[in-house]
Structure formats: C-alpha cells, structure tokens
Amino acid sequence: MTEQTDITPTPFPTPELGEPYLLTPGPLTTSAEVKRAMLKDWGSWDSDFRSMTAQMCRHLLEIANDKNGEFECVPMQGSGTFSVEAMLGSFLPKDSKTLVLINGAYGKRVAETISYLNRDYIVLDKGDYMPPRGDEIEAILREDPAISHVIAVHCETSSGILNPIQEISDVVYAEGRKLLVDSMSAFGALPLDVNKTRYEAMVSSANKCIEGVPGFGFVIARKSELENAEGSSHSLSLDIHQQWRNFQKTGQWRFTPPTHVVAAFMEALKTHKLEGGAPGRLARYTQNRDIMVAGMRELGFETLLKDRWLSPIIVTFFNPSHPNFEFTKFYDLMKARGFIIYPGKLTVVDSFRVGCIGRMDENVMRQVVLAAKETLAEMKVDSALPPEAALIERAKLAA
Ligand SMILES: *Cc1c(COP(=O)(O)O)cnc(C)c1O
C-alpha cells in the first residue's frame with residue numbers, strides 16, 4: 001500500500017466497555033477501526049471495491065516479500081478451511097501423491113480433505129504435538145519416489161507448536177518435491193518470505209494475524225502453479241485457477257464477495273503496516289506470550305511445550321490436577337473477568353489454551369495472569385501443578 005495515513009491505532013479496547021478479550025486464535029479481538037469500517041455498503045461490481053481488492057492483494061504480496069513478482073494472491077470466500085480445500089484441489093494434480101505432515105487437528109483436516117478429493121496421500125503423524133523433522137521427511141521422500149507434494153502446517157494451532165517450516169522446505173526441495181503450506185495462524189506475524197522459504201502456495205485468512213474479521217481466506221501461489229492448475233479443481237466455487245483468471249479479467253470476485261469484511265481487512269492491513277509489518281507484529285505477540293507464560297508459570301501452571309517449540313500465537317497449558325479445578329468453571333470465571341480462553345485439543349491429558357494474537361498488548365496479558373490468579377483463589381485451587389502423567393508426556397518432547 002502506497003498511501004500514507006495519519007491514523008494511529010486506537011488504544012486497546014478494554015473489557016470495561018463490555019467486550020471481553022478473545023484470547024483465541026481467531027475470531028479475535030479487533031480494533032475499533034476494523035469494526036467501524038463495516039458500517040458502509042459496497043457494490044461488489046463497483047470500481048472502488050475492485051480497486052480495494054487489488055490493493056489488498058498487492059499488500060499481502062508485499063508481506064510475503066514477493067519482490068520479483070513471481071507470486072499472485074487470490075482471495076477466496078469462506079473460512080480458512082475453504083481456502084485450504086481450494087489450494088489442495090487446485091494445486092494437487094489428479095495423479096499426485098502427497099505426504100501430509102500431521103501433529104494436530106489442522107494437519108488431520110488436510111489429510112481428510114485430500115481423501116475427499118480422491119487424491120493419493122500418505123501421512124507422517126507425530127501425534128498431538130511432536131514436530132515433524134527434516135531427517136524423517138527426507139527418509140520418507142527417498143523411500144517413495146511417487147510422492148510429488150508435501151503439505152505442512154506452519155503453526156499447528158491445536159497445540160500452539162511452531163513447526164520448523166524452513167527445515168521442512170529445505171528438505172522438500174532438496175529431494176525435488178513441492179511444498180504447500182497452511183500458514184493460517186502464522187502469516188502476517190511469523191516470517192514466511194518467498195525468497196527464503198521456498199513453497200508453491202500458502203494459505204491464510206482474514207481473522208488471524210492480520211487481525212481482521214472472519215469471512216474470507218487468501219492463497220499466495222507461484223504464477224506457474226496457477227497457470228498449471230487449469231482443470232485441476234474438483235469444485236466450481238473453490239477453483240483457484242478460475243478465481244484468479246476472473247480477477248485478472250474483471251477485477252471482480254466470481255461470486256458475492258464479503259464486501260464489509262474486505263473493507264474491515266483494509267483497516268487491519270493499515271494498522272499492520274503502522275505496527276512495522278510482520279516483524280512489528282511478531283515483536284508484540286512474542287512480548288504478549290512471554291509476559292503471559294512467565295506469569296502463568298509463576299502461578300504454577302505448566303506449558304505443554306518446551307520453550308523452543310512455543311509459538312507466539314497460542315499456548316497450551318495443562319489443567320491443574322487439584323481436585324477443585326474444573327475447566328468449565330475456570331472458563332466462566334475468567335470470562336466474568338473479561339477474558340475468553342480456549343479449551344485444549346490434546347487426546348492424552350486435559351488442557352486449555354490462551355491466545356496471544358489480536359488487539360492486545362503486554363498490559364492486557366498482565367491482567368490475564370491476574371485474572372487467572374484470582375480465579376484459582378476463588379475456586380480454592382492452591383496449586384496449579386498438572387498431574388504427573390502430563391509431565392511424563394511432556395518429557396517425550398525432544399529439546
Ligand atoms: C484457523 C485455522 C484454519 C482454518 O480454520 P477455519 O475455522 O476454517 O477458519 C486452518 N488451519 C490452521 C492452522 C488454523 O489455525
């Protein structure tokens with residue numbers, strides 16, 4: 001975006017205004033500007049809206065640092081999953097074989113989607129949260145020359161693990177295969193520079209690290225892949241090639257776009273730029289996480305992951321083993337204090353999650369810790385230590 005703006009981001013909204021903070025990975029707490037941008041109606045065919053879409057795509061390509069113009073951005077209606085399905089259906093040829101790297105719910109969803117598409121695939125399933133590593137991926141690729149593609153989840157939001165995307169990309173291309181990335185909860189904060197981390201396409205959505213409201217996703221894909229994707233998709237509405245061609249021809253979305261959501265997203269992009277782009281945002285999220293995790297650990301809570309794997313996006317904590325602790329009660333009492341937390345998604349031990357993304361800063365995170373402290377006291381839980389089984393489970397995680 002070239003235009004200069006003198007709008008400074010509003011102070012972070014406070015729960016006193018009657019709105020709890022969403023400590024969730026999206027939908028998340030958005031700024032007043034983002035919400036206000038939705039008070040105007042737009043004609044989807046109108047040139048103002050068309051240029052807004054074009055500007056949005058240019059801005060997203062800038063965030064991906066596509067300085068050589070090798071990539072294109074194609075927005076797609078629906079929640080993030082629709083864009084993942086669109087990417088898979090469009091860029092996995094009918095005769096492809098894919099290795100899906102799984103360590104949580106979103107990797108599993110990718111595999112499930114590929115089976116709906118009737119494409120061949122195998123999985124490397126590391127369980128709830130173990131990271132897929134370069135050497136094991138290399139071994140699988142060497143053993144099976146039929147594998148043409150690898151799919152990785154950048155930040156697996158179900159545990160909050162930050163997967164080693166650079167290591168994965170390096171090994172995939174060293175073995176002559178292609179990488180697709182679900183960077184839904186990472187893009188816009190964590191680095192995914194097309195000049196450093198090689199991939200064919202990646203997908204993210206409006207309501208994660210860019211801090212917009214839900215309603216669409218977007219695919220950033222290599223032009224050559226977009227060209228080659230003609231006739232590949234199983235779906236009319238999710239055909240990324242056709243969506244792209246239509247943008248090129250008319251500047252319009254093929255079907256009714258979420259106009260208000262796009263307008264809100266433009267505001268979110270302005271704030272993103274003012275904050276220093278992805279590096280600025282990463283700095284704030286990292287600070288949010290560090291303050292929150294340190295405070296929670298002081299209360300006796302333990303994180304599922306060791307520090308090396310903790311993302312600045314969302315953090316999983318074990319439920320305390322204390323007999324008075326009950327998640328739904330903890331949740332309600334936290335909500336009454338203005339904070340909406342998130343249940344955990346582990347199969348082995350009980351857990352909950354606290355998000356670090358959205359319009360929140362370290363002061364808000366200090367209030368979160370204080371609220372957790374008061375809530376434990378109210379529940380008469382005098383120790384937040386998890387059960388022994390949780391710590392045994394965690395010890396399995398490589399350093
Ligand atoms: C949010 C998210 C998605 C998409 O989920 P939707 O509910 O469809 O928006 C996909 N992958 C990851 C890693 C996510 O965090």
Side-chain angles (χ1 to χ4, degrees), residues 22-30 75-89 91 98 100-114 116-117 123 125-126 128-132 150-165 168 179-190 192 197 199 201-220 235 237-238 240 258 261-262 264-265 268 281-282 285 289 304-305 309-316 340-346 353-358:
L22 301 180
L23 301 166
T24 56
L28 35 65
T29 296
T30 58
M76 177 59 76
Q77 296 93 329
S79 85
T81 303
F82 292 64
S83 285
V84 174
E85 184 167 338
M87 171 174 79
L88 299 174
F91 299 131
T98 302
V100 185
L101 308 177
I102 300 180
N103 55 347
Y106 292 103
K108 278 195 185 128
R109 190 178 297 172
V110 166
E112 200 184 351
T113 308
I114 299 177
Y116 265 78
L117 300 178
V123 305
D125 191 340
K126 302 297 305 272
D128 275 352
Y129 57 87
M130 301 288 260
V150 177
I151 315 245
V153 178
H154 193 172
C155 170
E156 180 43 90
T157 324
S158 45
S159 64
I161 189 169
L162 186 54
N163 281 321
I165 199 73
I168 292 168
L179 178 66
L180 304 179
V181 184
D182 171 355
S183 187
M184 203 71 66
S185 61
F187 183 78
L190 289 153
L192 193 61
T197 314
Y199 60 83
M202 71 109 230
V203 59
S204 184
S205 73
N207 59 287
K208 305 254 168 153
C209 296
I210 309 287
E211 302 184 350
V213 300
F216 71 93
F218 50 89
V219 176
I220 289 178
S235 159
S237 55
L238 298 177
I240 289 285
V261 177
V262 174
F265 192 71
R281 192 138 292 186
L282 178 61
Y285 291 170
R289 178 201 62 196
L304 161 74
L305 300 170
W309 300 106
L310 278 186
S311 71
I313 306 298
I314 190 164
V315 177
T316 297
I340 300 233
I341 59 169
Y342 216 47
K345 250 190 186 176
L346 305 180
R353 290 176 286 173
V354 180
C356 311
I357 66 179

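Order of appearance sets the numbers: ligands from 1, and atoms from 1 within every ligand.
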Main-chain N/O of G26 paired with K208 side-chain donor or acceptor, under 3.5 Å: no
Sub-4.0 Å heavy-atom approach of E156 to ligand 1: no
For L88, the option from V100, I240, V110 that meets side-chain contact (heavy atoms from CB on, under 4.5 Å): V110
Separation of L310 CG from T316 OG1 (nearest 0.5 Å): 9.0 Å
Side-chain (R353) to main-chain (P343) donor-acceptor, under 3.5 angstrom: yes
Parallel, tilted or perpendicular: rings of F265 and F218 (30°, 60°): tilted
For V153, the ligand 1 atoms whose distance to one of its heavy atoms is below 4.0 Å: 13 (C)
Ligand-side contact atoms (ligand 1) for residue partner S185, heavy atom cut-off under 4.0 Å: 15 (O)
Contact (N/O only, under 3.5 Å) between S205 and ligand 1: no
Interfacing atoms of ligand 1 (cut-off 4.0 Å, heavy-atom, T81): 4 (C), 5 (O), 6 (P), 8 (O)
T157: numbered ligand 1 atoms lying under 4.0 Å from its heavy atoms: 12 (C), 13 (C), 14 (C), 15 (O)
Within-shell test, D182 vs ligand 1, heavy atom, strictly < 4.0 Å: yes
Heavy atom of C155, distance to ligand 1 below 4.0 Å: yes
Approximate separation, where rounding is to 0.5 Å, of K345 NZ and D128 CG: 11.0 Å
F82, any N or O under 3.5 Å of ligand 1 N or O: no
Residue G80 vicinity, atoms of ligand 1 by number, heavy atom under 4.0 Å: 4 (C), 6 (P), 8 (O), 9 (O)
Minimum non-hydrogen distance to atom 7 (O) of ligand 1, winning option of S183, A186, S79, P27: S79
Whether K208 lies under 4.0 Å from ligand 1, heavy atom: yes
From S311, C155, P132, residue fulfilling side-chain contact (heavy atoms from CB on, under 4.5 Å) relative to N163: P132
Smallest separation among heavy atoms of S185 and C209, with atom names: O-SG, 3.3 Å
